[in-house]
Amino acid sequence: MSRRTAYFVVNMTIVLLSLLTGLKVLPGPDSAGIALAFYTLIIMPGILLSGLLFGGAKADFEGISRIFLAGLSYACLFVCIGFIPGIDYTFIAVAYSASIIIALAYRGIATGKGEEEKSVDLVGVFSRREDYSAREKKAMLVVFIFLFGICAVLLAGNGETGISTDAPDHISFVRRSLDGGGLLPGDSFHIEGDGESFDPRKGLWHPIVSLWAWMADAEPHVLWAMMPAFLSFFAIVVFWFFAGELSGSIPVKALSVLFLFLFFRSHGFVWLTKLSYSRNIAQIVFWGTAGFLIRYLREQR
């Protein structure tokens, strides 16, 4: 079996396993379902878009930042089909999975015809002139796997869910979205009201979380507590990329990450336990978008 065929089979299997988990055909632990759904919802679309638009997905800070932002953007756009009357999360999940499989098949056919060798960065302004050696790429991949493992171990199940916070408000919103099928339900619990009107603090991140919970076949409060284990790695990587575009100095980037862990929003490292909230996802999106904008302004490409 060629590497291209193995890549297609493995990823298609992951997508199908995630869909079957959401359909309650394939039982399993919540952590496994959440991991499969996260890969299907965010990582796989990000990798495919990086390959189609940017000439490939690289295992470096810039590449991982691009994968996360591209995957999140795809999920935000796709989930909007739920605004069509009669469309529920079952339909969205099936259509989403089908779109990923079709993209995988297209990528496999394209590379099978030799297009991989002439793959180019269609956007251009995001590309980087320098490249890493094979040895550096392997070392960086090991570092990323190690960092993701640390984040997963430290933050698994530690997402903020206390009743003294507004986490129950957001968890209730996801629960009502799943139960009613609407992307933005107006009857969820509101910490500052009676829940009878639309809550303007909720945006497209919450439907993504609802779709994530559906595909993982996990209760919203379980997913809410687990999300920082998957998101914290990307928050750190995107911040490093952003700090690098600002300074270009490794010591300054390292110092910036240290300050992030110590002082950010007066919480420091504890802020990572709050990544389930849409405002903190927006913070990560800002870092990544600002980093690429600074790149464009500096290089004018």
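For clarity, every value in this text was computed on a predicted model and none was experimentally measured.
When all heavy atoms are compared, the tightest approach of G288 to F241 is O-CE2, 3.9 Å. Of all non-hydrogen atoms in G33 and T21, the two that sit nearest each other are CA-CG2, 4.3 Å. Annotation for H221 and T161: closest pair O-CG2, 4.3 Å, computed over non-hydrogen atoms. Between P228 and T273, the shortest heavy-atom contact is CG-O, 3.6 Å. Heavy atoms only, all atoms of each residue included: G162 and A167 are closest at O-CB, 4.5 Å. Closest approach of P45 and Y74 over heavy atoms only: CB-CD2, 3.7 Å.
Residues W224 and E219 form no side-chain contact, since every pair of their non-hydrogen atoms from C-beta on lies 4.5 Å or further apart. Looking only at side-chain heavy atoms (C-beta outward), V15 and M12 stay at 4.5 Å or farther from each other. Taking the side chain as every heavy atom from C-beta outward, S177 and P207 never approach each other to under 4.5 Å. Counting heavy atoms from C-beta on, the side chains of H170 and V174 never come closer than 4.5 Å. Here the side chains of Y39 and N11 are in contact, with some heavy-atom distance below 4.5 Å. In this structure, the side chains of L183 and F83 come closer than 4.5 Å at one or more pairs of heavy atoms. Inter-residue side-chain proximity for F261 and W271 is flagged as unmet; no heavy-atom pair is nearer than 4.5 Å. You'll find the side chain of S65 reaches within 4.5 Å of the side chain of V238, heavy atoms only.
By the neighbour-count criterion of 12 heavy atoms within 6.0 Å, atom CD1 of I294 is densely surrounded, having more than that number from other residues, nucleotides or ligands. The number of heavy atoms from other shown groups lying within 6.0 Å of CZ (F91) does not exceed 12.
Side chain to side chain, Y96 and T40 fail the donor-acceptor criterion of an N or O pair below 3.5 Å.
One distance of note links CD1 of I171 with OG of S276; it measures 8.0 Å at 0.5 Å rounding. Considering OG of S97 and CE of M215, their distance stands at 4.0 Å, rounded to 0.5 Å. Atom CD1 of I81 is separated from atom CD1 of I92 by 5.0 Å, given to the nearest 0.5 angstrom. For the atom pair W287 CH2 and L246 CG, the distance stands at 12.0 Å (nearest 0.5 Å). In this structure, the separation between CG on N280 and CE on M227 is 11.0 Å, given to the nearest 0.5 Å. Between Y277 atom OH and H206 atom NE2 the span is 9.0 Å, to the nearest 0.5 Å.
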Y106 vs I101, test: side chain to side chain contact (heavy atoms under 4.5 Å, CB included). Steps then yes/no. CA-CA 9 Å; Y106 170 79; I101 292 174; over 6 Å; no
Starting from the C-alpha separation in whole Å, work towards a yes-or-no answer on side chain to side chain contact (heavy atoms under 4.5 Å, CB included) for M226 and L155. CA-CA 7 Å; M226 285 293 296; L155 295 169; over 6 Å; no
For the pair I42 and F230, evaluate side chain to side chain contact (heavy atoms under 4.5 Å, CB included) and give the outcome as yes or no after the intermediate values. CA-CA 11 Å; I42 306 295; F230 297 91; over 6 Å; no
Report the C-alpha separation of C151 and I236 in whole Å, then their side-chain angles, then the decisive distance to 0.1 Å, and conclude whether the side chain to side chain contact (heavy atoms under 4.5 Å, CB included) test is met. CA-CA 10 Å; C151 292; I236 296 170; 3.9 Å; yes
CA sep, side-chain torsions, deciding dist, call: F264, F269, ring-ring contact (aromatic ring centres under 6.0 Å, His included): CA-CA 8 Å; F264 187 68; F269 182 82; over 10 Å; no
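Geometric assessment of R295 against the ring of F292 yields a negative cation-pi assignment under the 6.0 Å and 45° thresholds. Geometric assessment of R66 against the ring of F54 yields a positive cation-pi assignment under the 6.0 Å and 45° thresholds.
With D217 contributing its side chain and A213 its backbone, the two residues share no donor-acceptor pair below 3.5 Å. For D166 (side chain) and D169 (main-chain N/O), no donor-acceptor pair under 3.5 Å exists by modelled atom type. The main-chain N or O of L178 is never found under 3.5 Å from a side-chain atom of W214 such that the two would form a donor-acceptor pair.
The hydrophobic cluster containing V237 does not contain V142, counting ILVMFWY residues as joined when their side-chain heavy atoms lie under 4.5 angstrom apart, directly or transitively. Both V25 and L36 sit in one connected hydrophobic cluster of ILVMFWY residues. Membership requires side-chain heavy atoms under 4.5 Å apart, directly or through other members. Under a hydrophobic-cluster definition in which Ile, Leu, Val, Met, Phe, Trp and Tyr are linked whenever side-chain heavy atoms come within less than 4.5 Å, directly or via other members, F286 and F234 are assigned to the same cluster. Taken together through direct or relayed side-chain contacts under 4.5 Å among Ile, Leu, Val, Met, Phe, Trp and Tyr, L53 and L77 form parts of separate hydrophobic clusters. Both L23 and I87 are part of a single hydrophobic cluster, where members link through side-chain heavy atoms under 4.5 Å apart.
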